[in-house]
2 protein chains.
Amino acid sequence: MAKALRTKDKIIVTAEMLFAEHGFEQTSLRQITSEANVNLASVNYHFGSKKALIQAVMARYQAVFMPALAAQLQELAQRSERAGVTYRTADVLACVNAPLFALKQVRVDGPLIYLRLLGYAYSEIQGHLRRFTMTHYGDVVHQFFAMIQSANPNLCANTLFWRLHFSLGAMLFAQVSGQALREIAASDFGEDTHAEETLAKLLPFVAAGIAASDPQP
Amino acid sequence: MAKALRTKDKIIVTAEMLFAEHGFEQTSLRQITSEANVNLASVNYHFGSKKALIQAVMARYQAVFMPALAAQLQELAQRSERAGVTYRTADVLACVNAPLFALKQVRVDGPLIYLRLLGYAYSEIQGHLRRFTMTHYGDVVHQFFAMIQSANPNLCANTLFWRLHFSLGAMLFAQVSGQALREIAASDFGEDTHAEETLAKLLPFVAAGIAASDPQP
DNA sequence: CTCTATTTTAAACGGTCGTTTTATACACTG
DNA sequence: CAGTGTATAAAACGACCGTTTAAAATAGAG
């Protein structure tokens, strides 16, 4: 029993690392099992299928991230109401910072891993992840969207919908291509941007983009 | 000879359609050849390899898009110099509109195809496409970057580098996931955003994001 | 028409993939 | 200690992939 948990854990820890590095479809079960020093068949024994393994990997991070995000959003809403002021777009966006940082309790490089997993999940198995997220954490997502809306009362929901997904795309691209981009930036400008700084650079960008005035309302 | 060109053309026309729809790696040569009603081996005969076919597909669009973009950028620079005013970020970004529209001469839905190809090319074979683009059209890319820089003299090159790639990510994500997102938007808001409108919605977003003031200069 | 070079075709190759099967080793309970 | 249910192990399965081979068909030139 103790040994069994260790095998299952070795699989999931190795899998999320390789998934984050190369994507879900590019990572074979044979890579995972040989890297984790377990038998190939043990993946299907413990998880049922590769798709179920992917879900298990994502769920482990979502279970930490989503409730933390919900707490941050609620806190911001209450704080603003108490102070009698309305939060701004950047305030809502900043709510993702702490939940992301909390993923370090899953794994030391948890925040980076999660963002990269998200990127691959969205670009490879699109409907799949979205359905899972909305089923389990739909209320958090809706709360986030509602607060972005109330921070931008002059923009219509359709425009905000698209701008939020533009933002998501910007973040996912920066994470998935992050390593290559960081190398290019380092060789072009000498400046070495760390993975954590990428998010710090991203937030002002998407905050300004989302809050931009709409030329076609 | 006449028949030969028709076969080669049937392959490339079918390939770019399927590539744009499902991505490069998800599209097999057997799908392409059966859809195009040609023999499987004819791909390797006419193009040498699958990778070479991908390059041929991309090159056909880049050959139209890149020179047109260079012309637009040059025209904007000259027009601004003559008028004695400096162009703004949105002006530089708007330079991609006409070159994109020009892709209709390659194929009626050329603009959409090209953007989706770009998205997959960047997310699947990252170094590959970038190297090809920089080798053949490096000067155009550099001119574009230089003009974005001169439109934002208060922002450092490193910040602009990242913001441009955030913008690229936003566009690629919107295109690759465009179909799914459009369906969600339609069911959530009743509004049906067409593929062309997506780009119109994107430009104000990235223009504001790129030009945002930098909190950490 | 004949010959030659180009193109098309069918078939097979070697490889990787996720999954399943079957047998063996292990841990725990009664 | 025996027996039962769980976990590991090796091997094979069937499917699909990109590519290659070698023969058949088709062109155009002399």
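Every heavy atom of this structure was used, including side-chain atoms; hydrogens, water molecules and symmetry mates were not.
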What is the distance, to the nearest angstrom, from the CG atom on B/Asn44 to the P atom on C/dT8? 14 Å

Give, ordered by number, those residues of residues 30-39 of chain B having at least one heavy-atom distance below 4.0 Å to an atom of DNA chain C; if nothing qualifies, reply none. B/Arg30, B/Asn39

Between C1' on C/dT16 and CD on A/Glu25, what's the gap in Å once rounded to a whole number? 15 Å

A/Thr159 side chain near A/Asn152 side chain, heavy-atom distance below 4.5 Å: no

Between the CG atom in A/Leu117 and the CD atom in A/Glu16, the distance rounded to the nearest 0.5 Å is 7.0 Å

Find the distance A/Ile54:CD1 to C/dT19:C1' and express it as a whole number of Å. 15 Å

Give the rounded distance in Å between these two atoms: CD of B/Gln26 and P of C/dC17. 14 Å

Are the side chain of A/Lys50 and the backbone of A/Phe24 linked by a donor-acceptor contact shorter than 3.5 Å? yes

Nearest to the B/Tyr45 side chain among D/dA11, D/dT21, C/dT7, which nucleotide is it? C/dT7

Check whether any side-chain heavy atom of A/Leu53 sits under 4.5 Å from a side-chain heavy atom of A/Ile32, and report yes or no. yes

For B/Leu29 and C/dA10, give me the distance from atom CG to atom C1', rounded to whole Å. 17 Å

Tell me whether the NZ or CZ atom of A/Lys8 lies within the 45° cone about the ring axis of A/Phe47 and under 6.0 Å from its centre. yes

Taking B/Tyr114 as the fixed residue, which of B/Val106, B/Asp109, B/Val64, B/Leu103 is the one that meets the side-chain contact (heavy atoms from CB on, under 4.5 Å) rule? B/Leu103

To the nearest Å, give me how far apart CG (B/Leu53) and P (D/dC17) are. 15 Å

Roughly how many Å is it from CG in A/Leu40 to C1' in D/dA12, rounded to a whole number? 12 Å

With a cut-off of less than 4.0 Å, is there a side-chain N or O of B/Thr7 near OP1 or OP2 of C/dT8? yes

So what does B/Ser28 touch, heavy atoms closer than 4.0 Å: a base, only the sugar-phosphate, or nothing? sugar-phosphate

How far does the helix from C/dT8-D/dA23 to C/dG30-D/dC1 bend, going by the axes of its first and last five pairs, to the nearest 10°? 20°

Check the angle between the aromatic planes of A/Phe173 and B/His165 and answer parallel, tilted or perpendicular using the 30° and 60° thresholds. parallel

Whole-Å distance between C/dG18 P and A/Phe47 CZ? 15 Å

Listed partners of B/Ser34 passing side-chain hydrogen bond (donor to acceptor under 3.5 Å, both in side chains), at least two apart: none

Using OP1 and OP2 only, check whether a side-chain N or O of A/His46 sits under 4.0 Å from D/dT8. yes

Evaluate A/Ile12 against A/Arg60 for side-chain contact (heavy atoms from CB on, under 4.5 Å), listing each step before the verdict. CA-CA 10 Å; A/Ile12 212 169; A/Arg60 211 162 76 104; 4.1 Å; yes

